Amino acid sequence: MDWSSARLVLHYFDIGSLGRGEVVRLFLTDAGIPFQDIRYPYDESWAATASKLREDGISQTGKLPVLEYNDKKLSQHIPILRYLSREIGDYDGQTSLEKYLVDAISDIYIDWRTQWVANMRKPTDEYMNDYVPNYYQALSQYYSDREGPFLLGNRITYADFAVFQSIDNDEKIGTLPENLPPSIKKFRQAFESRPRVEKYLANRRNAKV
């Protein structure tokens, strides 16, 4: 598909590199798909903005992220990544078992995100000392099944973008374990070394987001 002729607009909060919208940005960047990035203040103006997004037919629920893809309005960040992977014909498993593994890791990540949101402002001891170490240990069981560095070996999938976001966001709020499992360290290094991702992350660091 010629993505240069497609119209993609990502709507998300202006919260730097935190949150679900950043997962979509990383994916689009790695895939080399151009998109317009519209960010909204997440403050007292958000209620009015959410209402306007519903009225304009951009977000059916008034929640973000939303990706406009030509005449479609796609919501929920993991389903967005699945949809784009199918459009691209890549970034997913090739067999039923591989697709199951990608879906399973995505679900584990979604469970993590629920806990992270509840702890992002004031992390509890239980989250830092129990939940988070167990989360990365669980991921490591999947990632160490293959030589890696990604979930399915040398082929990156949309689930890998979500896993990286969890590592990055835990680090940003000070809850990332000092000693990550070896397979997760290997994954992070490989992910951050992907040429387009590496450039994007460097620009992000320079912008301090």
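On a predicted model such as this, the values are computed, not experimentally measured, just so you know.
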- Message: Using side-chain contact (heavy atoms from CB on, under 4.5 Å), reason through Asp14 and Tyr42 one step at a time and then give a plain yes or no.
- Response: CA-CA 7 Å; Asp14 188 12; Tyr42 191 52; over 6 Å; no
Which atom of [X] lies closest to which atom of [Y], heavy atoms considered:
| X | Y | result |
| --- | --- | --- |
| Ser140 | Pro181 | CB-CB, 3.4 Å |
| Thr175 | Met128 | CG2-CG, 3.6 Å |
| Ala162 | Ile78 | CB-CD1, 4.1 Å |
| Ser17 | Asn169 | O-ND2, 3.5 Å |
| Asp92 | Ser85 | CB-CB, 4.3 Å |
| Gly16 | Arg39 | O-NH1, 3.6 Å |

query: Are side-chain N/O atoms of Tyr69 and Glu87 paired as donor and acceptor at under 3.5 Å?
result: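 Result is yes, a qualifying pair exists.
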**Item:** Any donor-acceptor N or O pair under 3.5 Å, side chains Tyr158, Asp103
**Value:** yes
Give, for atom [atom1] of [X] and atom [atom2] of [Y], the distance between the pair rounded to the nearest 0.5 Å.
| X | Y | atom1 | atom2 | result |
| --- | --- | --- | --- | --- |
| Tyr83 | Gln76 | OH | CD | 16.0 Å |
| Tyr143 | Ile184 | OH | CD1 | 6.0 Å |
| Leu97 | Leu101 | CG | CG | 5.0 Å |
| Leu28 | Arg196 | CG | CZ | 11.5 Å |
| Phe187 | Tyr142 | CZ | OH | 15.5 Å |
| Asp170 | Ile167 | CG | CD1 | 9.0 Å |

Report yes if some heavy atom in the side chain of [X] is under 4.5 Å from a heavy atom in the side chain of [Y]; otherwise report no.
| X | Y | value |
| --- | --- | --- |
| Arg204 | Asp168 | yes |
| Leu53 | Leu64 | yes |
| Pro177 | Val132 | yes |

Using modelled atom types only, decide if a donor and an acceptor are shared between the side chain of [X] and the backbone of [Y] within a distance under 3.5 Å.
| X | Y | value |
| --- | --- | --- |
| Asp30 | Leu26 | no |
| Thr114 | Ile110 | yes |
| Gln137 | Pro133 | no |
| Lys186 | Glu147 | yes |
| Gln165 | Gly19 | yes |
| Asn119 | Gln115 | yes |
| Asn70 | Ala6 | no |

(message) Ring centres under 6.0 Å, that's the criterion: do Tyr12 and His77 meet it?
(response) no
Set out, in order, the CA-CA distance, both residues' side-chain angles and the distance that settles side-chain contact (heavy atoms from CB on, under 4.5 Å) for Leu18 and Met120, then state yes or no. CA-CA 10 Å; Leu18 298 177; Met120 64 179 295; 4.1 Å; yes
Quiz item: So Glu55 and Lys52, salt bridge (charged side-chain N to carboxylate O under 4.0 Å, His left out) or not? Walk me through it.
Solution: CA-CA 5 Å; Glu55 291 173 5; Lys52 185 72 163 53; 5.9 Å; no
Residues in side-chain contact (heavy atoms from CB on, under 4.5 Å) contact with Asp111, at least two apart in sequence or another chain:
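For Asp111, the residues satisfying side-chain contact (heavy atoms from CB on, under 4.5 Å) (neighbours in sequence not counted) are Tyr131.
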### Phe27: partners by ring pair (Phe, Tyr, Trp, His ring centres under 6.0 Å), with sequence neighbours left out
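For Phe27, the residues satisfying ring pair (Phe, Tyr, Trp, His ring centres under 6.0 Å) (neighbours in sequence not counted) are Tyr91, Phe161.
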- Stepwise side-chain contact (heavy atoms from CB on, under 4.5 Å) check, Arg146 with Leu152: CA-CA 7 Å; Arg146 292 172 170 79; Leu152 298 184; 4.2 Å; yes
Legend entry - Asp56, CG atom: more than 12 neighbouring heavy atoms under 6.0 Å: yes
Kindly check if the number of other-residue, nucleotide or ligand heavy atoms within 6.0 Å of NZ (Lys122) is above 12? no
Practice problem: Determine, step by step, whether Thr29 and Phe35 satisfy the side-chain contact (heavy atoms from CB on, under 4.5 Å) criterion, reporting the C-alpha distance in whole Å, the side-chain angles of both residues, the deciding distance to 0.1 Å, and the verdict. | Solution: CA-CA 9 Å; Thr29 297; Phe35 66 99; 4.3 Å; yes
* To do: Take the angle between the ring planes of His11 and Tyr40 and call it parallel below 30°, perpendicular above 60°, tilted in between.
  => parallel
